[in-house]
There are 2 protein chains.
Amino acid sequence: MTVAPRSSAGRPAFTSITPVRAYEGVVSQIEEAIFEGRLVAGDRLPSERDLMGQFGVSRGTVREALRVLESNGLTRSRPGDPGGATVLGQSSGRLTKALTTFARLGQIGAAELIEFRMVVEGSAVRLAAELHDESSLAAMEAAFEAMKVAADESSEAFSAADVSFHLAVSACSGNSLLSACSEFSRDMVLHLTSENLRDSGDPPERMQETLRRHGAYLHAIVAREGRRAEQLARQDLFDYYGGELTERERARLEILLMV
Amino acid sequence: MTVAPRSSAGRPAFTSITPVRAYEGVVSQIEEAIFEGRLVAGDRLPSERDLMGQFGVSRGTVREALRVLESNGLTRSRPGDPGGATVLGQSSGRLTKALTTFARLGQIGAAELIEFRMVVEGSAVRLAAELHDESSLAAMEAAFEAMKVAADESSEAFSAADVSFHLAVSACSGNSLLSACSEFSRDMVLHLTSENLRDSGDPPERMQETLRRHGAYLHAIVAREGRRAEQLARQDLFDYYGGELTERERARLEILLMV
DNA sequence: ACGGGATACTGGTAGGACCAGTGTGCTGGA
DNA sequence: TCCAGCACACTGGTCCTACCAGTATCCCGT
C-alpha cells in the first residue's frame, strides 16, 4: 500500500479525481463569462451549432452543457429562437430549488425548517425595522392593509396576501440572502404543514390571530424597534406552528425565542 | 390587447409556460424516486441504454437528464462502471454551489455575506451552547485545542484548524440548514477577503486574537449560556472583519450585534 | 489452483438526420 | 407606395448509429 503525501495540516494532499468531461469545460467557460460580467442578463449565446464549432466538440456535448447551465438557472433555451440561449439574471429560483432539494433529501422536518425560518426571517424583520425608509415602509403597510381586506374574502386570498406581506418585509431588510432564505423556508413550511392544515384552510379566528400578531411586529417595525420586532416575529412563528410540534421540538425552538 | 384573468388576490392567473421537454420527464421521474426513498444512496440506476428503453427516449435525451441530475448532486456517472449511475446521498455540496452562484450572480458583497454569517452562525452557536452533550462538547474542545497547536505551526494550518472548529460547533447545533449556510458563508467570506488578507496569511497577533475570541464564546458554550455565546460569536465576526468595511456597512452590522 | 487474456458490458463523444417551431425578408397584390 | 402573406433560413428538440476507452467478469490455458 502506498501512502499519500500529507500536507502540514495533517490531511491527505491528494483529492479524489473525476475524469474531466468535455461538457464540463464548456459549462465552466460559459459560467465564467457570466460571472465575470462578459455576458449579462439578456445576452444571447451563439447557437448550438456555432458553439460546437467554437469549442470543437459535438452538438451532443454542447447540449449537455446547455442543459446543465439551464438547470442551474443561468440560461434558458427556446426552440426556434434565433440567437441561441438567453442569459438570465439573478433569481432566487435556483437557490430555492437547491434548498428544497437539500431539505427533501435530508429528510428535514417541519421543526427544523421552522427553526431556520425563525432565525432568518427574524433577522430580516430586525433589519427592516432599523433600516426602512418611507417607500418601503409604505409597501409593508400597504401589504398589511391588503391582508386585512383579504381576511374577509377567502382563506386563499388571505394566504396570498400574507405571502406578499412577508415578501415586502424581507425585501426591506436589504439582504438578499436573508430574504431568499426566508422565502424558501416560508414556502417549504407551508408545503410541509399543508397536509394537516391547508385542507380546511385557515379558520377565521386563526386569520384574525395572524393579523393581530403581524400587526404587533409591524408596529415595532414602524417604531424602529428592531430587537422587539425580531422577538415578536419569532414568537409569532413559534405560536403559530408550535401546536403541531412535539414537546421536544418546542423546547429547541424556545431557545431561539429570546433576542 | 387582451386582459389576463386575475385571481382574487389581484395577481395574474396565467403563468408563463415552458414547453415540456422529454428529458425533463426523465429527470422528474428519477428525482421523484429518490425523494420518495424508492432510490437511496448507493443504489444504481439502470444503464443509459436500459433507460432509453424504459422511458422510450433516445440515448441523447437520457444523457441530458443524467447530466442535470448529476449537476444537481443527485447522481454520479462513471465510465466503464457496470450498473449505471450511482445515487448519491445528502450533501451540502449542491446547496453550497447554489448559494455561491446566487452570491456571485447577485454581486453579493462581503458585507452582506458577513451579515448573513453573523445571523446563521450566531444562531448555530446558541443552539450548540444549549444543546451540546458530552461527545459533541469534547469534539468542540478538541478542535479548539488543535487550533492552539496549529497557531504555532503555520497560518495555513491555523486556518484549517479554524475551519474544523467552526464545523464542530455548527454540527453540534443539530440544524443542518443552519450549519450548511454557516459553512457556505464562511467559505465565501474567506474567498472574498482572501485577496486582501490571505496573501500574507494571518499574522501571529491576529491568530492569538482569534484564539482568544473563539475561546471566549467556547466558554459560554460550555456554560450553556446560549445568548451570551451567540452575542460573542457575532461580536467576533464583527470585530474580525469590521476593519475592512465601510462605515455604512459597519452600521448595518451593528444592528445585529445585540442578542 | 491460479494467473491472464478475451469478452461483454459501461459511459463519453462524434456526426448525421429529421421535425416543429420562429423570425425575417422578400414578393406580389392592392 | 404600402402592406399582407408566403417562402426561407435558422433555431432547438429528438432520434439514430457508430466508435472509443475504460472496467469487471468469466473462462481458458498453464
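Throughout, a chain's letter reflects where its sequence line sits, starting with A, and its residues are numbered from 1. Quick caveat: nothing in here was measured; it's all calculated off a predicted structure.
Applying the 4.0 Å criterion to OP1 and OP2 of dT11(D), one finds that Ser47(A) has a side-chain N or O inside that range. Between Arg67(B) and dG12(C) there is a side-chain polar atom (N or O) within less than 4.0 angstrom of OP1 or OP2.
Summarising the geometry, the separation between CG on Leu51(B) and C1' on dT10(C) is reported as 13 Å, rounded to the nearest angstrom. Taking atom CG on Leu66(A) and atom P on dT14(D), their separation rounds to 13 Å, with Å as the unit. Look at CG on Leu69(B): it is 13 Å from P on dG11(C), rounded to the nearest Å. Here the P atom of nucleotide dA8(C) and the CG atom of Asp50(B) are 17 Å apart, to the nearest Å. Distance Arg21(B) CZ to dG21(C) P: 15 Å, rounded to the nearest Å. If you measure from atom CD of Glu64(B) to atom P of dG12(D), you get 12 Å, rounded to the nearest angstrom.
For residues 115-124 of chain B, the pairs satisfying salt bridge (Lys or Arg N to Asp or Glu O under 4.0 Å) are Glu115(B)-Arg252(B), Arg117(B)-Glu121(B), Glu121(B)-Arg186(B), with sequence neighbours left out. Applying the salt bridge (Lys or Arg N to Asp or Glu O under 4.0 Å) test to residues at least two apart or on different chains, the pairs with a partner in residues 101-112 of chain B are Glu32(A)-Arg104(B).
Electrostatic pairing of Arg67(B) and Glu64(B) does not count as a salt bridge here, judged by no charged N lying under 4.0 Å from a carboxylate O. Salt-bridge check for Asp43(A) with Arg38(A): failed, with every basic side-chain N at 4.0 Å or more from each acidic carboxylate O.
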Taking only nitrogen or oxygen atoms into account, show me every contact under 3.5 Å that the protein makes with nucleotides 5-8 of chain D, one pair per line with its distance.
none

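Partners of Glu48(A) under the salt bridge (Lys or Arg N to Asp or Glu O under 4.0 Å) rule, at least two apart in sequence or in another chain, are Arg59(A), Arg63(A). With sequence neighbours excluded, the residues satisfying side-chain hydrogen bond (donor to acceptor under 3.5 Å, both in side chains) with Ser136(B) are Asp133(B).
The residue Arg44(A) sits apart from the nucleic acid: no heavy atom pair falls under 4.0 Å.
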Contact string for nucleotides 15-23 of chain D, one letter per nucleotide 5' to 3', B = base within protein heavy-atom range under 4.0 Å, S = sugar-phosphate only, - = neither, reads B--BB--BS
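Interatomic distance, CE of Met140(A) versus CZ of Phe165(A), reported as 7.5 Å (0.5 Å rounding).
If you check dT13(C), dT10(C), dT14(D) against the side chain of Arg63(B), the one that comes closest is dT13(C).
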